[in-house]
Amino acid sequence: MSMEKIVSLCKQCGFLFQSSEIYGGLQGFWDYGPLGVELKRNVKESWWKDMVVCHDDMSTLEGAPSPYAMEGLDCTIIMHPQVWKCSGHYDLFHDYMVDCKETKKRYRHDQLNGRWVEAKNQRVFITAAAGDDEVELIEKRAMKFFKIRAKNIEDIKYDGDPVCLTEIEDLSEVLGPDAKAVGTLTEPREFNLMFKTYVGALSGEEGTAFLRPETAQGIFVNFKNVMDSTRQKLPLGIAQIGKSFRNEITPRNFTFRSREFEQMEIEFFCHPDESQKWYQFWRDRRMAWYHEMGIPEDRLILREHTTDELAHYSIGTADLEYAFPFMAEGEFGELEGISHRGDFDLRSHIEGKLDEKSNPLELQLDENGKPKWKGSGKNLGYRDELTGEKYIPHVIEPSAGADRATLAFLCEAYTEDEQPDENGKMQKRVVMKFHPRLAPIKAAVFPLVKKDGMPEVAKKIYLDLKKQFKVFYDEKGAIGRRYRRQDEAGTPYCITVDGQTLEDQTVTIRDRDTLEQQRVKIDELRGIIQRRIEA
RNA sequence: GCGGGUGUAGCUCAAUGGCAGAGCCCCAGCCUUCCAAGCUGGUUGUGAGGGUUCGAUCCCCUUCACCCGCUCCA
């Protein structure tokens, strides 16, 4: 399945447009058209309904250690700047990069290590990507650079152990990790992945704020508010859907990596001893949700992060990844990440930014031995009123991309098949096979022909169904053409008023995927559609 | 950010240093009793800016966007 066809259909049918298209578009920004907005709303509403509103908090769900509660939140996009300092985003998203003028490659300034190497009366700082084999790599590169054979290896003198490139002020004697000549690296340049803005009329450092790069922090900083206002007990999940912003260096692949995007996140708070079980539970539950919404098992994988990818405080992180058509064969793109975050986030907002490399977690200090970023000092802990135990909850975070999910459903729905036309000749058909819950339009109503009172009856049915569903009325052109148009929009049901309707108050209801028609009573239409959507 | 490619109607694609064209789609009318039918008529334009030129959609420069590869990816 080619991505171009999907992109083309998205534009033609009104699922997705480039943002500001008449001015040439803006990289990394996309608009949802009339069909797209319905689709995305259905994705978000299905998630909200399944995770929050209709969640059964009385029973122990399959795979869960106990019953649990769910609440919702809707936090602001701009938050107190200290939130991002304590969360780690300020440091993390504030990268310095160096470019190599020779190889055109770009490196994180703090991820290159090197050693001063002297031979043949020349002193050069030879770099390599930071890692376990950096010492070996630097030796090899030194031999190559100075053109010294293995037997004369003593001619090479090393000045000290490898240090980070950030320690080097003058880059003119530095050999880039892939370069043949020295001095090809540019001065480090700042890449800020968080969008900056100013609060208040005056711009200046004092009013500097950031657009949130994730919705999660709004939940952490409101944890106490939710506990105090709802009388809920742990385990408790708090859900939020909302826009986030990341100033991606390279937005690519349609809406997959956008600079403005929407997240559907749950922060699930539980007792530390139970957190592993809950992590397993959420992995399985979220995987099952995508399956329920129509993503087949062979196109969705759960990729468990390896232990060296994990922060030490985390028991696990799993990515749910979909086989997007723009990925190479056998490769998958992330739809959702489910991470065990321990007590890192709540503690950081209490005590101050913790050093994620420390074990056990300790406050990150600055050069003067003071906290690098000060926390709120508020008590975000939990007291179990039955046992009297006090603890800082551990967090499981299922974090999904609403736009990525929507894109996956679009890709999955796109189908080309062949159906006979009125002469029995096979014609190519494009049909969007959305799950009925996700379909932008639930049903279309047609009079078979535009006369004999059929439009009047059809319009009445349309107006009645409209009270409950997003429906579409069309009386123009041949009936076959109208069916095909709805196939492209992914409308699961088409209701046709014909001659018989006028006699016995029945209509036909056509199924998008099978093309089968069933004759039903007009009075029963609402119930039938409702049942089929929920099935 | 680098290298390569692309940019013409809603879509797919022609053509040209001198009035920009087709098919599909769309709209209106006629016809039409179940899967893109037919007939008649109609709407819609060279991504943006600058230069060369009597004249640029075409040549040149800049810019923007998209695609592919690299790089990056919380």
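Chain letters run A, B, ... following the sequence lines, proteins first and then strands; every chain starts at 1.
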Provide, to the nearest angstrom, the distance between the [atom1] atom belonging to [X] and the [atom2] atom belonging to [N].
{"X": "A:F256", "N": "B:C72", "atom1": "CZ", "atom2": "P", "result": "17 Å"}
{"X": "A:Q18", "N": "B:C64", "atom1": "CD", "atom2": "C1'", "result": "10 Å"}
{"X": "A:Y23", "N": "B:A48", "atom1": "OH", "atom2": "C1'", "result": "11 Å"}
{"X": "A:R482", "N": "B:U33", "atom1": "CZ", "atom2": "C1'", "result": "11 Å"}
{"X": "A:R252", "N": "B:C67", "atom1": "CZ", "atom2": "P", "result": "7 Å"}

Could you check which of [options] has an atom nearest any side-chain atom of [X]?
{"X": "A:T508", "options": "B:C34, B:C35, B:U32", "result": "B:C34"}
{"X": "A:K450", "options": "B:A28, B:G29, B:C68", "result": "B:G29"}
{"X": "A:E488", "options": "B:C27, B:A36, B:C34", "result": "B:A36"}
{"X": "A:R519", "options": "B:U12, B:A36, B:C34", "result": "B:C34"}
{"X": "A:K11", "options": "B:U33, B:C11, B:C34", "result": "B:C11"}
{"X": "A:N253", "options": "B:C35, B:A37, B:C68", "result": "B:C68"}
{"X": "A:Q517", "options": "B:C35, B:U32, B:A65", "result": "B:C35"}
{"X": "A:S8", "options": "B:C35, B:U12, B:U32", "result": "B:U12"}

Check whether any side-chain nitrogen or oxygen of A:Q27 sits under 4.0 Å from OP1 or OP2 of B:C66, and answer yes or no.
-> yes
Sorted by position of nearest nucleotide on RNA chain B, 5' first, the leading residue of A:E21 and A:R485 is A:R485
Of A:Y483 and A:W30, the one whose closest RNA chain B nucleotide lies more 5' | A:Y483
When you check the gap from the basic side-chain N to the acidic O, do [X] and [Y] get nearer than 4.0 Å?
{"X": "A:E21", "Y": "A:K11", "value": "yes"}
{"X": "A:R429", "Y": "A:D417", "value": "yes"}
{"X": "A:E336", "Y": "A:R404", "value": "no"}
{"X": "A:E321", "Y": "A:R303", "value": "yes"}
{"X": "A:D91", "Y": "A:K372", "value": "yes"}

Using the [atom1] atom in both, what is the distance from [N] to [M], to the nearest Å?
{"N": "B:U33", "M": "B:C25", "atom1": "C1'", "result": "25 Å"}
{"N": "B:U46", "M": "B:C19", "atom1": "C1'", "result": "15 Å"}
{"N": "B:G29", "M": "B:G7", "atom1": "C1'", "result": "37 Å"}

The single option from A:R519, A:K521, A:E524 passing side chain to side chain donor-acceptor pair (under 3.5 Å) against A:T506 | A:R519
Pairing partner of [N] (Watson-Crick or G-U wobble, both distances under 3.5 Å):
{"N": "B:A14", "answer": "none"}
{"N": "B:U33", "answer": "none"}
{"N": "B:U52", "answer": "none"}
{"N": "B:G3", "answer": "B:C68"}
{"N": "B:U57", "answer": "none"}

For B:C19, decide between syn and anti, treating a glycosidic angle within 90° of 0 as syn.
-> syn
